[in-house]
Each structure stands twice: as structure tokens, then as C-alpha cells.
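Each chain gets a letter, A, B and so on, in the order its sequence line appears, and its residues count up from 1.
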There are 2 protein chains.
Amino acid sequence: MATLKDVARLACVDVSTVSRALNNTSYVHPDTKARIFAAVKELSYQPNVLAQGLRQGKRHTIGVVVPRLHLTLFADITQSIESESRKLGYATLICHTEDDPVIEKECLNRLRNGFVDGIIIAGTGRNGHLLRDIHAGGIAVTQIVRKQEGSISSVIADYDACGYDTVRYLYSRGCREIGLINGTTSLAPYRERYNGYHRAMEELGLTETCATSPMPGNNFEYGYQCTEDLLNQNPELDAIMAAVDIQGMAAIRALKDRNIRVPEQIRLVSLTGHSIGGLLETTMTSLEIPAHEMGEKATHMVIDEIEAPSDNKPSVQHLVFSASLVERESS
Amino acid sequence: MATLKDVARLACVDVSTVSRALNNTSYVHPDTKARIFAAVKELSYQPNVLAQGLRQGKRHTIGVVVPRLHLTLFADITQSIESESRKLGYATLICHTEDDPVIEKECLNRLRNGFVDGIIIAGTGRNGHLLRDIHAGGIAVTQIVRKQEGSISSVIADYDACGYDTVRYLYSRGCREIGLINGTTSLAPYRERYNGYHRAMEELGLTETCATSPMPGNNFEYGYQCTEDLLNQNPELDAIMAAVDIQGMAAIRALKDRNIRVPEQIRLVSLTGHSIGGLLETTMTSLEIPAHEMGEKATHMVIDEIEAPSDNKPSVQHLVFSASLVERESS
DNA sequence: CTGAAAGCGCTTACAG
DNA sequence: CTGAAAGCGCTTACAG
């Protein structure tokens, strides 16, 4: 690999002049510039980003910390973050935590040391202290999907409204026995979906039927099990709300296995649409979360924070996106 | 952030001694060592990986270049690469190309310059020259899923066998009019699936019914459209093979929309199982690709190449994994 | 067993 | 308009 020095030698100038020409950081004589660019081309010179980073204290890299990718909203979000970052000249380092606080801690510790300028995280909520430390240490941080720390900016969807509005919607469709499949309420999104559900059910004078667990619950088996639980708890059930798509898919399957027709006997709505609802055999009504926009926005927020002068950092910002109901066959 | 210098000052030794103590690179007196570790702890010193990388010419990072994540095999593979890399002390930089050669080129160019020590790629096949250049320049490269370059190591599944065996399987179930939904044959995996299909059909004296396109074809609409094409081409169709899961899902839906029962009227098999087949309303028979093992293996191959001394690099290796048939309701 | 020095490839005041 | 020099934070021969 050619270095600045090689270019400088070939163009018969000092390395500093080459650097200035390449970065357009001060006037360089057109003739000199031409010689330099010719040399760059001939040697197919590419700057060493490591050295740039060391010198400038910037990596031009942002870390993305998410539980997992497959069949979750995080696949869309991660991809959106990556493509937006790339446009803005940043690379994306990814870590999957599987919602394990120990793995998360390990990832955060690696990221803090020169690996990245900023972090976008959907965290477990168990490493708050570390996260605040990292942020205080000068690394930009934005929370996505899960707002666990009030002192750190966030981009989330309005999960409370998701729960509330869906109950109201199902009520308007004639449902009175509405069950909820939820994940652990120790994570904010699940907690808030429940809050919304609870408030609406109370206002309407309906009785709650809930299935939940101390685990995150982001898998098919869990959703299947919860569906059975709900049916056992309340044989009169006429609607199921699933916190995430994969639970909704599991519910469809569990109902089919019991010969219960969707939506004729039980209506089903997923509270986290991420582009799979429309691809199913029975297409699934869902609240579509604007994953792409959220990823883009979080990327801009974290990069704005990175690039702001240290004496004028943007203030903490909590952004809430609305989900939109997409009606499909399941309701 | 504390630096080596800070630690050295606090422990009253030279930075070189601190470095040696921390890296266990030569004997350091136990007392000195103790002072150093105390200082490290007090300052909660963490080495700056950028500086280490610059000095050693190593980043301890590998780049992953894939078309996309959502609803594809690549989500599983990427996650497997990331967790395996992390265990081995490497971080993972990710790029999505959307199968666009221009984006791919841009990504590869960024990766080559100090960003990564190695690359694992499922490429478009349109930047072969660049890829060989990068490899020749000393960056380890392993191809995954798509083997486009014979001179670069690869980890793939036996797609030819997937096509061949599936025809044989469907034939044994009584099918004689077997259609194939495929992607562009300019990508090796699609081409080989077709080859296997073609050979088996010929051996059995059956007539081919194919739907394909110049595009990669990795989406639902395409699969839906191809299903309609196949049915128009051959109203007697009694089986459909879909190259990838998403096409299989689209086929199920298209058949449902035409009131064709699966598997009674048409049997369906996906040639690329990646853990979604079992989660569907009608569970889908598929050839399960060992994504996790493939990701792991590719990670080891690329890291072995990175860590081998430059005068003794491992030779090119092409690994082929077998897929295994998982029978479910759709066949 | 440890220190002083050079250098990885760049950028950026400082002169002129 | 351009060069010489310092320095980002490390590691590693080289002495002693």
C-alpha cells in the first residue's frame, strides 16, 4: 500500500502539502495539486484511516449494539443505520448481545476504546452505569427502540399508544375478550405496551388476559406457549395482541393447530410490524414501526453529536415515532 | 481516557515497561508489574486499539460484506460470524450491498484501507478484479455462500446437490411436473441449483418448467410473480422448488390466492432453509443450510489467514457443506 | 530486568 | 503557497 510519503516523493513535494491538497485544507498551487493528484492516481493511494483516526482522535465508525438480527425489527434498523452511516462517511461495527448483559458489557467495553466515535444501542438495561460512563467519556450515544436511560438521547416508537390504540381498534371490531402476548416488563417497550393495553381495557371496562414472562420472549416457542396460555385462561377469547411479529406468527400457528379460524373466531394484531406481516399465508394486521426512519434519525443524532465541537454538544433529545396501523387479513 | 504515559508516570516506570508488562512480551519484575497493574486499575486504563493497530499493522477487525440481512440466510451467517469473531478477539464491520456492484465497490475500497485485516464476502461477482487486488495486497479474504473467485477461499453449500436431490425427492413423492423458481444464473448458487435440477430432470425424462430473471430475485413479489408464471406455463404442475425461503413463502401465498392446496395439489420445497420454514402457518419443507457452521468456519479461515506469518499463508481452500432435508407440511 | 529511541501514517500549527 | 517539525498512543529492536 502506498503511503503519503510515497505520493510526496513522486510529486516532489512535502507530505504536508500532499495532505493539504487531498483534504482541501488550505490553498495549494494548481500545478502542484495536479502533480499530486497524478501521483495519487499512479500509486492508487488510499489514506490509512487508522493513522487519520489516531491523529484526529476520530474513527469515523459507529457501533451498533442490538440483541439479534433474524426475524426482528433490528434487521431493518441495523441495515438502515449502516446505509445512512455509509452515506455520511462512517463505517458500522456491529455487536449482537442476545440480550445477555454479560455479552453486552463485553461489547461496550471493546467499543469504548478507540473502536468507535459513537454508539447506537438497543440495550438490556442492565449496563446503565457503564453506558453513562462511556457517554461521559466523550463517545456519542443514542438509544434506539429501548429507552432505558433518561440522560441519553433516544429514538423510539410510541409503544404505549400501540397498546392503547390496538385495544380501541379491536373493540371497534366487536372484540370484548382481548388477550395480550407480551415480553418481560423489565424492558421499556414491553412495559409500555402493557400500560397502553391496561389503560384502554380499564376505560372500556374489559377484563385483562395476559401472558408474559421474565424473559424477553422474542421467539416463536414462547409466542406459541403464550397463545395456549391465553386460551386456557379465557376460552371466550376473541382477539389476541402480540407484542412482536414472531409472537404473532406463533399465534397464527397455534390457533391453526387448534382449528381456530383467524380472523373469524379470533382476530390477531401484531404491535411491531417489520415488513413480514404482508408476506404470510394469512397476512397479519400490524402496527408498522418506521424502522427505516428511526434508524436514519438515530444515525444523524449520533453523528451530529460526534461532530459537534466539544463545548457545544447538542442537548439530550428523546424522539418518539408513531406506528401506523396496517390492516390485513388477520383482523 | 488514560494513556500508557499516564500509567507509566503513576507507576514510575517507562512506557515501554508498561507495554511489556501488559502484553506479557518479556520478563518484568513482579514488584514493577504489581505497581503497573495497580496504576492501570486506578486509572482504569484501556489501550487505544487505534494506536496498537497502526503500530502493528493489525486492526483485529474483519469486514462482512453481504447483500442484505432481513429474511435471508445472511442474517444467520452474519450473526454467527460476529459472535465467533468476538470470541477470537475480533470485531466485525458490516456492509450491505443490496447486490449493487457500485455499493460493493465502495465498501470494498473503504475496507481495504486500514479498516480491516480480513473480509468475508457474499459478493455480486462484479468486482472480482478489485477483490483479487485486495487479497493480493495482504488482506485475508474468504467467500461465503457465493463462490465467484477460484483463487480465493470459500465456504459454500452444495447447491447443485440441493437442486438434484430435491427433484429426486419430489419424484419419489409421485411428482412429475416439477417447476423451479430461481434467481439470476449469473450468481453461482442460482446457477448450480439449476444445474442440479436440470441433470435430475433429464435423467428422469421429465420436462423442465422454470421461472427465472436477470435480477437476483430475492424478494417476495418476484417469488409471487414466478409462481404465476410457472402455473401459466404448465397447468399440470404438481411441485414447486423455490431457490430461497422468501420465494417459497411467496409461492405458498400465490397458491392460496388461487385456491390451490399445499401439498395436496402442489408440493413445495425451499432449497435454502434458514429457520423460518418451521415457523409458518403451513410449515415448509426445506433444505436446511448450516448457516451457523458456515459462518463459524469462514471466520476461522479468515482469521487463520490473518494470523499466519506472511511467508507461510494457508493455501486456498474451498469448503462445501451439505444441506439436509427437513420434511414439513408443504411436501 | 528496564530505559531511550525510532517509527507506524497521518495532520496541523508554525515559519517563511 | 510550501516545508520542517511535533505529536496522536502505541510497540519493539537496541543497549545496558
Between E104(B) and T124(B), is there a side-chain donor-acceptor contact under 3.5 Å, judged purely by atom types and distance?
yes
Check every strand shown and say whether T32(A) touches a base, only sugar-phosphate, or nothing at a heavy-atom separation below 4.0 Å.
sugar-phosphate
Checking all strands, does T3(B) fall into the base, sugar-phosphate, or nothing category for heavy-atom contacts under 4.0 angstrom?
sugar-phosphate
Quick one: do K297(B) and E293(B) make a salt bridge, cutoff under 4.0 Å?
no
Encoded 5' to 3' (Watson-Crick or G-U under 3.5 Å; [ ] crossing; | other strand), DNA chain D becomes |||.||||||||.|||
Checking Q143(B), E296(B), M294(B) against V155(B) for side chain to side chain contact (heavy atoms under 4.5 Å, CB included), the one that qualifies is M294(B)
Closest to the 5' end of DNA chain C, once R35(B) and N48(A) are matched to their nearest nucleotides, is R35(B)
What I want to find out is whether E149(B) reaches R132(B) closely enough, with some N-O distance under 4.0 Å, to be called a salt bridge.
yes
Taking for L50(B) and for T17(B) the nucleotide of DNA chain D with the nearest heavy atom, the one nearer the 5' end belongs to L50(B)
For the rings on H70(A) and H70(B), is their centre-to-centre separation under 6.0 Å?
no
Quick check for you: to the nearest 0.5 Å, what is the distance between S154(B) atom OG and I121(B) atom CD1?
12.5 Å
For the pair R146(A) and D99(A), find out whether any cationic side-chain nitrogen is under 4.0 Å from an anionic carboxylate oxygen.
yes
First and last nucleotide of DNA chain C touching chain A, 5' to 3', heavy-atom cut-off 4.0 Å?
dG9(C) to dA13(C)
Could you check whether any side-chain heavy atom of N109(A) comes within less than 4.5 Å of a side-chain heavy atom of L130(A), counting everything from C-beta outward?
yes
